[in-house]
Q: 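I have a structure I would like to understand better, so I am pasting it below and will then ask my questions one at a time.
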Amino acid sequence: MLGHIGESPVNSISDTNALPISAATAISVLEEVSRAVQAEGWHFNTELGVSISPAGDSTITLSDDILEIDAVDTTVDIVQRGLSLFDRANNVSTFSKDLVVNLTRYLDWTSLPEAARRYITLRASRVFQGRLVGSRELEALIARDEYNARADLMDSEANTSDKTIFDSYDAAIRIGINRNYDLS
């Protein structure tokens, strides 16, 4: 990211207080963009059918790495409020039984696949450059690489998620799956 604005890289980021302001800003932007990209929900950071249980006080407290959560049972209307779950239908934050949920988790940098790290880095570089330098020419150069990295990430997502055309309700309806045919 620093290289995109013509600055030298730093040797270590372990002591953020000793970093130049541009390097500290770069780290902040990288974390911001990583959270935004991961919040989209990818095959690598989603977990399906996870059972969660209420604690002794009947509340469900979530870990701070959960970006999105939704109940599998569509009759249950839950939302995340801070680190707790809230039942919108009953207007309470207590639960009497386990819930099965789908969730999107924020992963640390080393847990991300290479395609995601590359895309996040390039997107963060473009944002960082825009905030510190504001060069339209640099933005256009980085954006081209960013778009290619996004395409690579989408390709990786398609390869690893094992989705088919039949996973989309809209596609299934358009091609006629589950139509009632009168064969008599």
Side-chain angles (χ1 to χ4, degrees), residues 1 4 13 26-54 60-89 95 97-130 139-181:
M1 291 173 65
H4 278 114
I13 59 170
I27 292 169
S28 175
V29 170
L30 184 65
E31 289 173 358
E32 172 190 331
V33 169
S34 182
R35 185 167 286 276
V37 169
Q38 290 188 56
E40 293 177 38
W42 299 87
H43 185 255
F44 62 81
N45 74 330
T46 55
E47 298 173 20
L48 306 176
V50 176
S51 180
I52 56 176
S53 304
I60 297 178
T61 303
L62 305 171
S63 58
D64 62 355
D65 64 343
I66 294 179
L67 299 171
E68 184 177 311
I69 189 166
D70 191 29
V72 172
D73 181 356
T74 58
T75 63
V76 177
D77 187 12
I78 58 169
V79 293
Q80 181 177 353
R81 291 194 175 167
L83 294 179
S84 298
L85 275 188
F86 183 78
D87 180 351
R88 289 177 21 131
F95 298 86
K97 62 182 181 177
D98 292 0
L99 293 175
V100 178
V101 298
N102 296 332
L103 56 87
T104 302
R105 196 173 294 276
Y106 178 76
L107 303 177
D108 66 9
W109 189 254
T110 58
S111 298
L112 294 174
E114 179 59 32
R117 286 191 295 230
R118 176 143 175 78
Y119 171 64
I120 290 167
T121 301
L122 286 164
R123 181 168 162 184
S125 292
R126 183 181 49 78
V127 170
F128 173 67
Q129 182 283 136
E139 181 179 3
L141 289 171
I142 299 169
R144 184 187 65 223
D145 291 340
E146 177 189 343
Y147 298 141
N148 288 334
R150 173 88 179 182
D152 290 344
L153 177 57
M154 298 293 287
D155 190 40
S156 173
E157 175 82 357
N159 289 336
T160 60
S161 65
D162 301 325
K163 292 185 179 179
T164 70
I165 190 171
F166 305 111
D167 293 332
S168 166
Y169 176 77
D170 291 337
I173 291 301
R174 283 177 176 54
I175 62 174
I177 294 180
N178 294 331
R179 283 194 181 163
N180 293 325
Y181 291 105

Q: Quick one: do the Thr104 and Asn45 side chains pair a donor with an acceptor below 3.5 Å?
A: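 Result is no, nothing qualifies.
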Q: Atom CG of Leu122 and atom CZ of Arg144: how far apart are they, to the nearest 0.5 Å?
A: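 Atom-to-atom, Leu122:CG and Arg144:CZ are 11.0 Å apart.
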Q: State, to 0.1 Å, how close Ala36 and Arg123 come at their nearest heavy-atom pair, and which atoms those are.
A: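 Smallest interatomic distance, heavy atoms only, reads CB-NH2, 4.3 Å.
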Q: Taking side chain to side chain donor-acceptor pair (under 3.5 Å) as the definition, give me every residue that meets it alongside Glu47, ordered by chain and number, with sequence neighbours left out.
A: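 Partners of Glu47 by the side chain to side chain donor-acceptor pair (under 3.5 Å) criterion, ordered by chain and then number, come out as Arg105.
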Q: Closest approach of Ala116 and Phe44, non-hydrogen atoms and distance?
A: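 Smallest interatomic distance, heavy atoms only, reads CB-CZ, 3.7 Å.
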Q: Distance from Ser63 atom OG to Tyr106 atom OH, nearest 0.5 Å?
A: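 If we round to the nearest 0.5 Å, Ser63:OG and Tyr106:OH are 13.5 Å apart.
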Q: Work out which heavy atom in Gly49 is nearest to a heavy atom in Asn102; give both atom names and the distance.
A: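 In terms of heavy atoms, the two residues are closest at N-OD1, 2.9 Å.
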Q: Taking the side chain as C-beta and beyond, is there a heavy-atom pair between Asp162 and Thr160 under 4.5 Å?
A: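 Answer no - side chains too far apart.
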Q: Minimum heavy-atom separation for Ile78 and Ala71, please, with both atom names.
A: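 It is CD1-N, 3.7 Å.
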Q: Is it true that a side-chain atom of Trp42 and a backbone atom of Met154 form a donor plus acceptor pair closer than 3.5 Å?
A: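 Here the side-chain-to-backbone pair does not exist.
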Q: Taking only Lys NZ, Arg NE, NH1 and NH2, and the carboxylate oxygens of Asp or Glu, determine whether Glu68 and Arg35 approach each other closer than 4.0 Å.
A: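 The answer is no: the pair does not qualify as a salt bridge.
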Q: Does the side chain of Asp152 come within less than 4.5 Å of Tyr119's, by heavy atoms?
A: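 No, their side chains stay 4.5 Å or more apart.
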Q: Decide yes or no for Phe128 and His4: does some side-chain heavy atom of the first lie under 4.5 Å from some side-chain heavy atom of the second?
A: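 No. Closest side-chain heavy atoms not under 4.5 Å.
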Q: Consider only side-chain N and O atoms of Ser34 and Gln38, and report whether a donor and an acceptor are under 3.5 Å apart.
A: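 The criterion, which ignores hydrogens and geometry beyond distance, is satisfied for Gln38 and Ser34.
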Q: If every non-hydrogen atom of Met1 is compared with every non-hydrogen atom of Ala124, which pair is closest and at what distance?
A: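 Met1 and Ala124 have their closest heavy atoms at CE-O, 3.5 Å.
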Q: Can you see whether Asp108 engages Ser111 through a side-chain donor-acceptor pair at a distance of less than 3.5 angstrom?
A: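 Per modelled atom types, Asp108 and Ser111 side chains form a pair under 3.5 Å.
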Q: Just do the side-chain contact (heavy atoms from CB on, under 4.5 Å) check on Ile120 and Leu112 with the steps written out, would you?
A: CA-CA 10 Å; Ile120 290 167; Leu112 294 174; 3.8 Å; yes
Q: Measuring only between side-chain heavy atoms, which start at C-beta, is Ile52 closer than 4.5 Å to Ile69?
A: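 Contact flag for Ile52/Ile69 side chains = yes.
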Q: Test Trp109 against Leu30 for side-chain contact (heavy atoms from CB on, under 4.5 Å), laying out the working first.
A: CA-CA 10 Å; Trp109 189 254; Leu30 184 65; 4.1 Å; yes
Q: Please test Asp73 against Leu99 for side-chain contact (heavy atoms from CB on, under 4.5 Å), starting from the C-alpha separation and ending with a verdict.
A: CA-CA 8 Å; Asp73 181 356; Leu99 293 175; over 6 Å; no
Q: Report yes if some heavy atom in the side chain of Leu85 is under 4.5 Å from a heavy atom in the side chain of Leu62; otherwise report no.
A: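 Heavy-atom side-chain distance check passes, below 4.5 Å.
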Q: Go through Gln80 and Leu67 one step at a time and tell me if the side-chain contact (heavy atoms from CB on, under 4.5 Å) criterion holds.
A: CA-CA 9 Å; Gln80 181 177 353; Leu67 299 171; over 6 Å; no
Q: CD1 of Ile66 to CG of Asp64: how many Å apart, nearest 0.5 Å?
A: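 One finds 9.0 Å between CD1 of Ile66 and CG of Asp64.
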Q: Does any part of the side chain of Arg88, heavy atoms only, come nearer than 4.5 Å to the side chain of Phe86, both counted from C-beta?
A: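 Contact flag for Phe86/Arg88 side chains = yes.
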Q: How long is the gap from OG on Ser125 to CD on Gln129, to the nearest 0.5 Å?
A: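 If we round to the nearest 0.5 Å, Ser125:OG and Gln129:CD are 9.5 Å apart.
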Q: Which pair of heavy atoms, one from Ala149 and one from Arg118, lies closest together, and at what distance?
A: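 What the structure gives for the nearest pair is CB-CG, 4.1 Å.
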Q: Quick check for you: to the nearest 0.5 Å, what is the distance between Leu153 atom CG and Glu114 atom CD?
A: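 The distance works out to 11.0 Å.
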